[in-house]
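Some notes on the structure that comes next.
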Amino acid sequence: MAVSTESTTQPTGDHLTQIGALIRDARKHRGLTQVQLAERLGTSQSAVHRMEQGQQNVTIDMLQRVGHALQDDFVSIGRPAPTHLRVHGGTQLSGSIAVKSSKNAGVALLCAALLNRGRTTLRGVARILEIHRILDVLGSIGVRYEWINEADLVLDVPEALDLDAMDSETARRTRSIIMLLGPLLHRFEEFQLPYAGGCDLGTRTVEPHMVALRPFGLQVTATTGHYHATVDDSVRPQRPIVLTERGDTVTENALMAAARVDGVTTIRNASPNYMVQDLCFFLELLGVRIDGIGTTTLVVHGVPDISVDVDYSPSEDPVEAMSLLTAAIVTHSELTVTRAPIEFLEIELAILEEMGLRYDLSEEYPAANGRTRLVDITVHPSSLRAPIDKVHPMPFPGLNIDNLPFFAVIAASAEGSTTVHDWVYDNRAIYLTELNRLGARVKLLDPHRVLVEGPTRWSGAEVLCPPALRPAVVVLLAMLAAKGTSVLRNVDIIARGYEQLAERLTPLGARIETFRD
């Protein structure tokens with residue numbers, strides 16, 4: 001009997017039990033003990049025991065290593081053909097759709113769970129590829145986790161983590177891995193992490209993270225394929241930490257480093273963005289007092305030892321909310337997007353109102369975390385015009401950098417010329433020219449700027465999915481507006497940040513089919 005698994009599927013429940021039984025039987029057939037198999041795999045006997053009991057998440061990399069160690073092809077690793085979407089566009093959407101919880105907050109909270117010796121329960125977690133990748137990495141180093149009630153996640157962090165067993169292949173596929181630096185510096189005097197990956201968005205330096213973490217005694221050198229970290233736990237911040245980049249993940253790393261430092265740490269030029277606020281709310285439940293949440297100066301009153309059973313609900317994702325609003329705008333639909341975090345959409349809505357968008361807002365109500373303000377936004381069909389000024393991102397409370405690509409497809413639906421300036425990423429503007437295949441007139445001015453001429457008479461086409469999450473979704477949304485049939489190929493990257501996006505758009509009237517070659 002063979003087990004076949006896919007790179008985007010996490011085996012759970014009965015599948016894990018079946019895989020565990022196959023591993024156990026193959027090991028016994030080879031006459032090996034669990035200790036001997038663990039030595040061949042470079043892991044612990046307890047990890048092998050958990051695998052055989054169906055209590056350990058088993059990644060593709062681990063299955064390959066098990067097969068090699070046992071010289072047995074009892075596991076066949078099937079990498080399926082890429083997933084494609086066929087879109088029959090040109091139809092209006094209607095109804096309402098709720099925003100899922102934040103991808104970026106979710107991954108930060110998973111990393112922050114390493115600070116806690118108690119049980120961490122996260123409610124309403126979006127089951128997206130980026131979350132699964134971080135869970136794969138955490139599971140490989142010994143963190144026990146379990147999905148309950150479909151979207152709730154329970155994590156138990158052991159006293160000792162086995163970093164030598166880290167799933168490096170998965171770790172390299174996510175830039176979020178860099179956020180393990182902050183929590184791990186409290187646990188190890190020396191450790192290494194694989195080079196961070198993620199979307200293909202050009203060169204992103206890790207030096208701002210080093211500026212944030214050196215005051216805590218962390219030094220990092222680059223070796224072949226890894227960041228090698230050493231920690232001097234006698235070093236503590238002697239003055240306020242001034243971040244050289246007001247980055248979200250940089251601020252989160254600094255917060256997690258400060259959370260378990262006995263005393264007060266001040267972080268200046270901090271990002272006050274939505275995922276940072278979520279992390280602050282979570283840390284407060286762990287007993288860490290933080291002054292200045294939502295501002296660029298955070299004062300952290302650390303707790304050296306954290307052991308709390310904590311229950312927290314990450315807030316809704318403003319970028320997904322913007323995606324859904326864009327779907328309504330470009331298809332000239334009346335659509336209600338519920339549970340939208342208004343604090344992180346106000347600039348976007350102000351620009352859209354300037355462009356002529358008509359919309360209604362409900363009264364505000366609290367998110368499940370009790371802190372984030374939500375509204376329901378109803379978009380009405382509108383005739384849009386180009387904004388007077390260029391559209392560009394700014395640190396919060398400015399226009400969100402991840403919401404910027406959606407303005408390219410919106411501008412293509414508007415009358416006039418719009419310059420979209422992405423000064424952060426080297427390559428993301430380049431991918432927006434894929435809209436031209438669907439009839440848009442997008443001119444690349446340089447790697448950071450595009451000029452969009454509208455309005456567009458969208459028409460169906462076949463397009464290869466851009467290798468960056470937000471531009472990929474932008475192309476999909478344009479296909480909803482395009483008359484005729486379009487095909488978007490190799491769409492697996494969309495699952496990195498969106499939970500079943502195509503399936504959730506279908507009840508609204510979208511006609512999207514998933515297929516493989």
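Positions are given from 1, in the same order as the sequence printed here.
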Legend entry - NZ/NE/NH1/NH2 to OD/OE distance under 4.0 Å, Lys100 and Asp317: no
Legend entry - Plane angle bin for Tyr312 and Phe282 - parallel if under 30°, tilted between 30 and 60°, otherwise perpendicular: perpendicular
Legend entry - side-chain contact (heavy atoms from CB on, under 4.5 Å) between Leu110 and Leu122, intermediate numbers included: CA-CA 9 Å; Leu110 291 180; Leu122 300 176; 3.9 Å; yes
Legend entry - Test log, rule side chain to side chain donor-acceptor pair (under 3.5 Å), inputs Arg516 and Thr83: CA-CA 5 Å; Arg516 302 180 191 273; Thr83 304; 3.0 Å; yes
Legend entry - Min side-chain heavy-atom separation Leu279-Met275 under 4.5 Å: no
Legend entry - Side chain to side chain, Gln277 and Asn273, heavy atoms closer than 4.5 Å: no
Inset, instruction - State plainly whether the residues Glu499 and Lys103 are in salt-bridge range, i.e. N to O under 4.0 Å. - result: no
Inset, instruction - For the pair Asn253 (side chain) and Gly182 (backbone), establish whether a donor and an acceptor sit closer than 3.5 Å, ignoring hydrogens and angles. - result: yes
Legend entry - Side-chain donor-acceptor pair present, Thr296, Asn269, cut-off under 3.5 Å: no
Legend entry - Side chain proximity check, Leu184 to Leu163, heavy atoms < 4.5 angstrom: yes
Inset, instruction - Determine whether Val125 and Trp147 make a side-chain contact, defined as any pair of heavy atoms from C-beta on separated by less than 4.5 Å. - result: yes
Legend entry - Pair Asn400-Tyr274, side-chain donor/acceptor within less than 3.5 Å: no
Legend entry - Ser271 and Asp248: side chain donor to acceptor below 3.5 Å: yes
Inset, instruction - To the nearest 0.5 Å, tell me how far Leu185 CG sits from Met256 CE. - result: 9.5 Å
Legend entry - Sidechain-backbone polar pair: Tyr365 side chain, Arg339 backbone, donor-acceptor under 3.5 Å: yes
Legend entry - Row check, Phe515 ring normal vs Arg86 NZ/CZ: under 6.0 Å, within 45°: yes
Inset, instruction - Classify the side-chain pair Ser234/Asp232 by whether it contains a donor and acceptor separated by less than 3.5 Å. - result: yes
Legend entry - Polar side chain donor-acceptor pair, Glu190 to His228, under 3.5 angstrom: yes
Legend entry - Distance-only polar pair, side chains of Ser102 and Glu316, donor-acceptor under 3.5 Å: no
Legend entry - His301 side chain to Asp291 side chain, donor-acceptor N/O pair below 3.5 angstrom: yes
Legend entry - Sub-4.5 Å side-chain heavy-atom contact between Asn104 and Asp402: yes
Legend entry - Modelled atom types, side-chain donor and acceptor of His84 and Arg489, under 3.5 Å: yes
Legend entry - Salt-bridge present (Arg119, Asp309; N to O < 4.0 Å): no
Legend entry - Asn149 side-chain N/O to Asp152 backbone N/O, donor-acceptor pair under 3.5 Å: no
Inset, instruction - Check whether the side chains of Asn369 and Ser313 place a donor and an acceptor atom closer than 3.5 Å, and report yes or no. - result: no
Legend entry - Check ion pair Glu320-Arg504 (N to O, under 4.0 angstrom): yes
Inset, instruction - Assess the side chains of Thr174 and Glu130: does a donor N or O sit below 3.5 Å from an acceptor N or O? - result: yes
